[in-house]
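Protein chains get the first letters and strands the later ones, always in sequence-line order, with residue 1 at the start of each. Small disclaimer: the values here were computed from a predicted structure and weren't measured.
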Amino acid sequence: MAKVLTSRSESYSQWYNDLVLKADLAENSAVRGCMVIKPYGYAIWEKMQAVLDRMFKDTGHVNAYFPLFIPKSFLSKEADHVEGFAKECAVVTHYRLMNSPDGKGVVVDPQAKLEEELIVRPTSETIIWNTYKGWIQSYRDLPILCNQWANVVRWEMRTRLFLRTAEFLWQEGHTAHATQAEAMTEAMTMLKVYAKFAEEYLAVPVVQGVKTANERFAGAVETYTIEALMQDGKALQSGTSHFLGQNFAKAFDVTFTNQEGKIDHVWATSWGVSTRLMGALIMAHSDDNGLVLPPKLAPIQVVIVPIYKSMEELDKISVVAKELVAKLKAKGYDVKFDDNDKKKPGWKFAEYELKGVPVRLAIGPRDLENGTVEVARRDTLTKEVMQLDGIDERIVSLLDDIQTNIYQKALDFRAASTTKVDSYEEFQKVLDEKGGFVLAHWDGTSETEQRIKDETKATIRCIPLDNEQEAGVCMVTGQPSTQRVVFARAY
RNA sequence: CGGGGUGUAGCGCAGUCCGGUAGCGCACCUGGUUUGGGACCAGGGGGUCCCAGGUUCGAAUCCUGGUACCCCGACCA
């Protein structure tokens with residue numbers, strides 16, 4: 001088979017770049033740091049959106065939409081928040097262009113300078129809390145459980161398709177509550193939603209945990225995260241849920257009258273996942289032949305390739321194939337019968353492998369004679385001839401098997417890539433030679449965490465929820481510690 | 001934002017050192033033979049050589065300045 005991808009062993013990052021481009025997921029655009037998500041890639045994102053949106057609705061949330069632009073003054077109201085985002089904000093300063101005096105093209109009209117500059121949202125807490133102020137008077141107005149699907153802009157210096165782009169798509173939930181406990185429960189609920197989505201749909205096992213102060217979202221009291229492990233041993237933060245306390249309520253003066261008639265600030269959360277999940281999906285499962293997609297999110301779940309010599313043969317195969325397509329579609333699956341006469345079967349096989357289609361069926365003259373069909377599964381690259389009769393039922397269970405199998409594979413990989421260490425020396429050795437999650441004792445200080453980051457490039461990904469308590473000493477300072485935390489080099 | 005590399009047909013590249021008016025593979029078009037793992041033969045079309053200046057009789061090639069992408073750092077989801 002012609003090799004179209006750099007192999008993972010040769011260069012993991014090059015493999016990733018090749019794969020995103022060759023599988024037609026996305027490409028770089030004319031705008032620095034911004035990508036074009038191509039139809040095949042966007043179809044995966046749409047499936048993610050559909051599932052997540054359902055999960056949000058099922059947990060009581062509603063969708064709304066807030067402006068792309070945020071008055072500059074809003075951003076500076078919460079001190080930590082502005083500090084966290086100031087360095088990567090795009091700023092709108094003018095609202096009009098004019099013909100260039102030299103006749104070549106257009107220039108910004110200096111007359112059209114904005115009174116107050118507008119920030120292109122890097123996240124929407126500020127504009128939303130400014131809005132919520134008008135929505136909330138009493139505890140009867142609470143909770144507010146809004147989500148928005150939107151694009152945001154963070155002016156990154158170095159970008160990579162899906163993993164870090166200047167503009168990306170995401171959803172951001174913003175909730176307002178009467179009590180601290182309720183807001184905390186909300187942040188947890190959404191973390192669990194993300195974990196469930198990652199594991200059941202992306203087929204990516206995740207560690208749920210809380211971030212350290214160093215890694216916390218700017219403006220949050222606590223940041224909860226789901227951390228996934230990629231095949232190269234690096235961690236990928238795949239979703240975050242923040243307990244914002246009363247920070248934004250105080251910054252935007254959002255108060256309410258509680259049941260006792262007293263005025264209090266509102267409690268808040270925010271939570272989001274982005275097109276970065278595409279990166280997690282790609283890097284968790286795919287191989288040197290191309291994408292491996294979990295059936296639940298694959299745009300095409302089953303493809304049927306006819307093998308034929310004459311048009312008469314194709315016609316006969318089409319009858320069988322179209323019948324099967326109808327059956328599977330009736331069961332809710334996305335099926336494609338590729339009767340394109342311009343491409344040969346071998347080409348199609350390679351192409352659908354590259355694009356990660358979970359199940360490929362081939363039907364040729366031999367199958368018509370024998371009442372069979374060749375079934376190939378993408379995850380294991382194995383083929384089997386099965387009876388055509390009842391094949392739709394077998395495909396349904398096969399798709400389930402594949403979904404389970406790739407999750408199990410990722411889970412096994414994570415187990416094999418998780419190492420407990422008790423000395424700083426061993427820590428560094430494991431990071432360099434093996435990678436993955438490294439569980440170690442830490443004294444709980446930002447100084448030590450920063451030192452480890454400076455010296456090893458590894459960060460604390462999270463302190464797992466329900467973490468096993470275990471007396472020990474910090475591997476760096478020797479100070480007492482009550483539990484191990486998860487370290488890794490990360491994307 | 002620092003260091004390095006690369007921009008030549010849709011894609012991947014050679015040509016650049018040593019200046020003389022652009023080539024290879026794949027893809028594309030036409031015809032034929034093919035079709036159970038990226039078919040073959042024959043013919044054909046396609047280029048402001050990243051952009052802007054400069055040097056020169058002449059620039060893909062030399063000089064200056066931009067710009068985009070890739071890799072490695074710093075920053076971040």
Checking all strands, does [X] fall into the base, sugar-phosphate, or nothing category for heavy-atom contacts under 4.0 angstrom?
{"X": "A:Thr165", "answer": "base"}
{"X": "A:Gly279", "answer": "nothing"}
{"X": "A:Gln237", "answer": "sugar-phosphate"}
{"X": "A:Leu163", "answer": "base"}
{"X": "A:Arg32", "answer": "sugar-phosphate"}
{"X": "A:Asp367", "answer": "base"}

Length of the line joining [X]:[atom1] and [N]:[atom2], which is rounded to integer Å:
{"X": "A:Arg158", "N": "B:C72", "atom1": "CZ", "atom2": "C1'", "value": "7 Å"}
{"X": "A:Lys342", "N": "B:A27", "atom1": "NZ", "atom2": "P", "value": "16 Å"}
{"X": "A:Phe168", "N": "B:C76", "atom1": "CZ", "atom2": "P", "value": "14 Å"}
{"X": "A:Met311", "N": "B:U34", "atom1": "CE", "atom2": "P", "value": "14 Å"}
{"X": "A:Met157", "N": "B:C72", "atom1": "CE", "atom2": "P", "value": "17 Å"}
{"X": "A:Arg160", "N": "B:C76", "atom1": "CZ", "atom2": "C1'", "value": "14 Å"}
{"X": "A:Arg366", "N": "B:U35", "atom1": "CZ", "atom2": "P", "value": "12 Å"}
{"X": "A:Lys211", "N": "B:C76", "atom1": "NZ", "atom2": "C1'", "value": "12 Å"}

Sticking with atom [atom1], work out how far [N] lies from [M], rounded to a whole angstrom.
{"N": "B:G5", "M": "B:C13", "atom1": "C1'", "result": "16 Å"}
{"N": "B:G46", "M": "B:C41", "atom1": "C1'", "result": "22 Å"}
{"N": "B:U64", "M": "B:A42", "atom1": "P", "result": "47 Å"}
{"N": "B:U55", "M": "B:G19", "atom1": "C1'", "result": "11 Å"}
{"N": "B:C72", "M": "B:U16", "atom1": "P", "result": "29 Å"}
{"N": "B:G45", "M": "B:C28", "atom1": "C1'", "result": "8 Å"}
{"N": "B:C62", "M": "B:C49", "atom1": "P", "result": "15 Å"}

Would you mind telling me which of [options] lies closest to the side-chain atoms of [X]?
{"X": "A:Lys87", "options": "B:C75, B:C70, B:G38", "result": "B:C75"}
{"X": "A:Gln14", "options": "B:C70, B:C28, B:U35", "result": "B:C70"}
{"X": "A:Ala350", "options": "B:U35, B:C76, B:G38", "result": "B:G38"}
{"X": "A:Lys457", "options": "B:A74, B:U35, B:G38", "result": "B:A74"}
{"X": "A:Ser13", "options": "B:C1, B:G36, B:C71", "result": "B:C71"}
{"X": "A:Glu88", "options": "B:C76, B:C71, B:G36", "result": "B:C76"}

Discussion item. Just so I know, are the side chains of A:Arg154 and A:Thr123 near enough to count as touching, which here means a heavy-atom distance under 4.5 Å?
Written reply: yes
Fill in: Exercise: do A:Gln428 and A:Asp432 side chains pair donor with acceptor under 3.5 Å
no
Worksheet item: Will you find, in the side chains of A:His61 and A:Glu186, an N or O donor that is under 3.5 Å from an N or O acceptor?
Response: yes
Worksheet item: Can you say whether the rings of A:Phe252 and A:Phe248 are parallel (under 30°), tilted (30 to 60°) or perpendicular (over 60°)?
Response: parallel
Discussion item. Among A:Val335, A:Asp339, A:Val373, A:Val359, which residue satisfies the side-chain contact (heavy atoms from CB on, under 4.5 Å) criterion with A:Ile304?
Written reply: A:Val335
Worksheet item: Is there a side-chain polar atom (N or O) of A:Asn289 under 4.0 Å from OP1 or OP2 of B:G37?
Response: no
Practice prompt. Kindly say if A:Asn17 contacts the phosphate of B:C71, meaning a side-chain N or O under 4.0 Å from OP1 or OP2.
Written response: yes
Discussion item. So, under a plain 3.5 Å distance rule, would you say the side chain of A:Arg360 forms a donor-acceptor pair with the base of B:G37?
Written reply: yes
Worksheet item: Checking salt bridge (charged side-chain N to carboxylate O under 4.0 Å, His left out) against A:Asp287, which of A:Arg8, A:Lys409, A:Arg378 comes through?
Response: A:Arg378
Show the atom names and distances, to 0.1 Å, of all donor-acceptor pairs under 3.5 Å that link a side chain in residues 63-70 of chain A to residues at least two apart or in another chain.
unit_1  : atom_1 : unit_2   : atom_2 : d
A:Asn63 : OD1    : A:Asn147 : ND2    : 2.9
A:Asn63 : ND2    : A:Asp53  : OD1    : 2.9
A:Tyr65 : OH     : A:Arg121 : NH1    : 3.4
A:Tyr65 : OH     : A:Arg121 : NH2    : 2.7

